[in-house]
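First the structure, in the form of structure tokens, and then the observations on it.
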Amino acid sequence: MATRTPISRSIAAHAVLITYTLIALFPVFVIVINSFKSRRAIFNDPLAVPTAETFDLVGYATVLKQGDFFQYFLNSMTVTVASLFFVLLFGAMAAFALSEYRFKGNLLMGLYLALGIMIPIRLGTVAILQLMVASGLVNTLTALVLVYTAQGLPLAVFILSEFMRQVSDDLKNAGRIDGLSEYRIFFTLVLPLVRPAMATVAVFTMIPIWNDLWFPLILAPAEETKTITLGSQVFIGQFVTNWNAVLAALSLAIVPVMVLYLIFSRQLIRGITAGAVK
Amino acid sequence: MKKERVRAVPARKPFRWHIPLFLAPAVLVYTAIMILPLFATLNLSLFNLTEARERVFVGLANFATLFGDPRWADAFWNALANNGWFFVVHMLVQNPIGILLAALLSSPRLRGAAFYRTAIFIPTILSFVIVGFVWKLILSPIWGIAPGMLDFVGLKSLFAPWLGKEEYALTTLALISVWQFVGIPMMLIYAALLSIPDEVLEAAEMDGITGASQFWKIKLPLILPSIGIISILTFVGNFNAFDLIYVSQGALAGPDFATDILGTFLYRTFFGFQLQLGDPHMGATIATAMFGIILVGVCIYLFAIQTRLRRYQF
């Protein structure tokens, strides 16, 4: 088919894609290069890459001195990893029950759990806050982990049960004949087989948790429980006029997500194109 | 007698404890943190405080206040209209661009498709805090990147402080949000396009349908279900948006509430701002109204759109 595609059309396709790629990357590029420049250079020539004379790390120095970014980063990491663990474990368990066994109310339970895909958890914020106040969990990371686990479960159950239906019955039945308990079948046979699907779910769950501003702002705004997203928001708000510091803080906030994304991107794209969310 | 007992044993299956055990953790957390608070919020919207700070059942009076009392209604309808426009911009700009990019990416033997895909998806993974400030800086008249670039192509006169002008601010923010999220429709449509079997496309080629007409006549009808899903995801996401506006314009959604959407309105009402105290009951009322709006949208999608879309099984 490609042999019949005229070259001019292929050039046009590349032109559009390159243009859009530039639009997508340009803002990130501008922020990162300017974070390494002196204040004067930032304003004189915003689009130039830092050279020997304009290179300056004063922004990073301010950020590291003023904000407790390491603590924020650790908080974000703790919350994201813990929520991810619970979403994947609980989600896979429920998905297994729904896809493997026929029982009364199976369909209804599936629909009940899928409801959360369409209805955002934020609408329950008023009552969630009251619940957390009543149980003394305000300003703890536990509150965030609980909320994010609940938030991530519906999509995880949905995607994972689609995948688990494809695991061969013969394999599971062979396990049963060999005397494996249902728990062993789940943990030792099925879980390893759906690892690619787990990675897809992990990426989809991780990005909104890492980037969320709403729940950290409401449930855990204390200094020692701030996540990196909330921390950089507050920091930038205080240092609005210190451009070096703002640009450095933005760059520092971009880097961790970017690294995670580049590690997982192949998995993410494979997961989407494999039909997980079609 | 003996025969009967033999038959009775398999009929009484032992209770399969592992099923509830597998389901329990997910159902418990989901119910306790998501479903119950949601209903508690809906319930809270039916109460309010009296002069003596006692909570009383007021029925739908809060809703009457929200929709009719000028102190609340103006802000509510303003937020709703802004939110509607926010959604329209996404539907008109984000989804067509996403479809276009996906169609280009899926053209056979395109070199560097993986690179484009990865790069175009990058804004989607960035947090609202980053996106909001990055664009605020770029559009800032002080820094001058945007005016400088417009100057470069000779259009400097077109520059305005877009985020600060009432008439442009909301559209500008909607476009920033489009920039951030265009990767999602692109990926989903891309996946749908890849799943169209080659035989269908080859048959089309046999009949002389190629290029753009192949896209319009063959591929587009086949990916309509995906476009439907994207539309409803966009709808839910937009009517639940908050972060981008809060980060770039603050809780007051300036200038002069021109960028106020339901999410920021809910936040201000519930938590209070400046001199106004927070009001959980009116906050719950707004959340319930948002719940209703999203529910209506989802129902329209499920019953009116999804059932009419023809799905093709390959």
Side-chain angles (χ1 to χ4, degrees), chain A residues 1-2 13 16-17 20-21 23-25 27-28 30-31 43 46-47 90-91 93-94 96-97 101 103 109 113 116 118-128 131 146-147 149-150 153 157 182-183 207 210-211 213-214 229 232-233 236 246 250 253-254 257 261 265 269 272-273 275 277-278, chain B residues 16 18-19 22-23 25-27 29-30 33-34 37-38 40-41 44 101 104-105 107-110 116-120 122-123 125-130 133-135 138 143-145 148 179 187-188 190-192 194-195 205 226 236 240 242-243 246-247 270 280 283-284 287 290-291 294 298:
Chain A
M1 214 154 87
V16 174
L17 287 169
Y20 200 84
T21 306
I23 296 176
L25 295 184
V28 177
V30 169
I31 296 306
F43 282 97
L47 294 179
F90 296 168
M93 284 164 67
F96 183 68
Y101 308 113
F103 57 91
M109 185 61 90
L113 287 173
M118 287 295 181
I119 306 296
I121 191 169
R122 272 184 196 173
L123 297 182
T125 307
V126 177
I128 291 178
L131 179 77
L146 280 172
V147 169
T149 307
L153 275 172
V157 172
E182 295 297 323
Y183 308 105
I207 295 173
W210 184 273
N211 287 338
L213 182 62
W214 176 267
T229 308
S232 36
Q233 200 262 336
I236 292 168
V246 168
L250 284 173
I254 293 174
V257 221
Y261 171 64
S265 71
I269 286 154
I272 297 171
T273 48
V277 284
K278 265 186 289 184
Chain B
R16 294 177 293 174
H18 49 269
I19 298 180
F22 276 129
L23 281 170
V27 173
V29 173
Y30 173 74
I33 311 289
M34 187 153 179
L38 196 60
T41 305
L44 196 63
L101 292 173
L104 291 175
L105 276 179
S107 49
R109 296 196 205 153
L110 179 92
Y116 291 129
R117 235 165 33 199
T118 310
I120 293 173
I122 281 180
I125 60 157
L126 300 179
S127 82
F128 292 97
V129 173
I130 300 171
F133 275 98
V134 163
W135 280 101
I138 288 177
W143 198 11
I145 286 203
W179 172 82
M187 285 292 192
L188 294 178
Y190 177 68
L194 286 191
S195 73
E205 292 207 348
S226 297
V236 175
N240 182 35
F242 157 78
D243 311 56
Y246 179 76
V247 166
F270 181 33
M290 289 166 74
F291 179 81
I294 290 175
V298 171

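The figures that follow rest on heavy atoms only: side chains count, while hydrogens, waters and symmetry mates do not. Bear in mind that the values here come from a model prediction, so they are computed numbers and not experimental data. Proteins come first, then strands; the chains are lettered A, B, ... in the order of their sequence lines, and each starts at number 1.
Across all non-hydrogen atoms, the minimal contact from A:Phe96 to A:Glu182 is CE2-O, 4.3 Å. In this structure, B:Trp179 and A:Ile23 approach most closely via the heavy-atom pair NE1-O, 2.9 Å.
Of the inter-residue distances, the one linking A:Thr229 atom OG1 with B:Ile130 atom CD1 reads 7.5 Å to the nearest 0.5 angstrom. Annotation: the span from A:Leu123 atom CG to B:Phe291 atom CZ amounts to 7.5 Å, rounded to 0.5 Å.
Proximity to chain A (any heavy atom under 4.5 Å) is restricted, for B:Val298, to the side chain, taken from C-beta onward. Proximity to chain A (any heavy atom under 4.5 Å) is restricted, for B:Ile294, to the side chain, taken from C-beta onward. For a residue to count as touching a neighbouring chain, one of its non-hydrogen atoms must lie under 4.5 Å from one of that chain's; by this rule A:Ile31 touches chain B with the side chain only. Contacts between B:Phe270 and chain A at a heavy-atom distance below 4.5 Å involve the side chain alone, from C-beta outward. The part of B:Ile138 that comes within reach of chain A is its side chain, from C-beta onward, which places non-hydrogen atoms under 4.5 angstrom from that chain. Proximity to chain B involves both the backbone and the side chain of A:Ile119, based on heavy atoms less than 4.5 angstrom apart. For B:Leu126, the parts lying near chain A are the backbone and the side chain together; criterion is any non-hydrogen pair under 4.5 Å. Looking at A:Leu131, the atoms closer than 4.5 Å to chain B (heavy atoms on both sides) all sit in the side chain, from C-beta outward.
For the pair B:Val134/A:Leu250, a side-chain contact is recorded, criterion being any heavy-atom separation below 4.5 Å from C-beta on.
Looking at A:Gln233 and B:Tyr246, their side chains never bring a donor and an acceptor atom within 3.5 Å of each other. At a cut-off of 3.5 Å, with distance as the only test, a side-chain donor of B:Tyr190 or B:Arg117 sits close to an acceptor on the other residue.
Contact count against chain B (heavy-atom pairs under 4.5 Å) is highest for A:Thr21 among A:Thr21, A:Val16, A:Val246. Of the listed residues B:Val236, B:Val27, B:Asn240, B:Leu105, the one with more heavy-atom pairs under 4.5 angstrom with chain A than any other is B:Asn240. Highest contact tally toward chain A, considering only B:Leu101, B:Ile33, B:Leu38, is held by B:Ile33 [criterion: heavy-atom pairs under 4.5 Å]. Across A:Gly91, A:Ala97, A:Pro120, A:Ala13, the residue that shares the most heavy-atom pairs under 4.5 angstrom with chain B is A:Pro120.
When atom types are taken as modelled, the side chain of B:Tyr30 and the backbone of A:Gly116 share a donor-acceptor pair closer than 3.5 angstrom.
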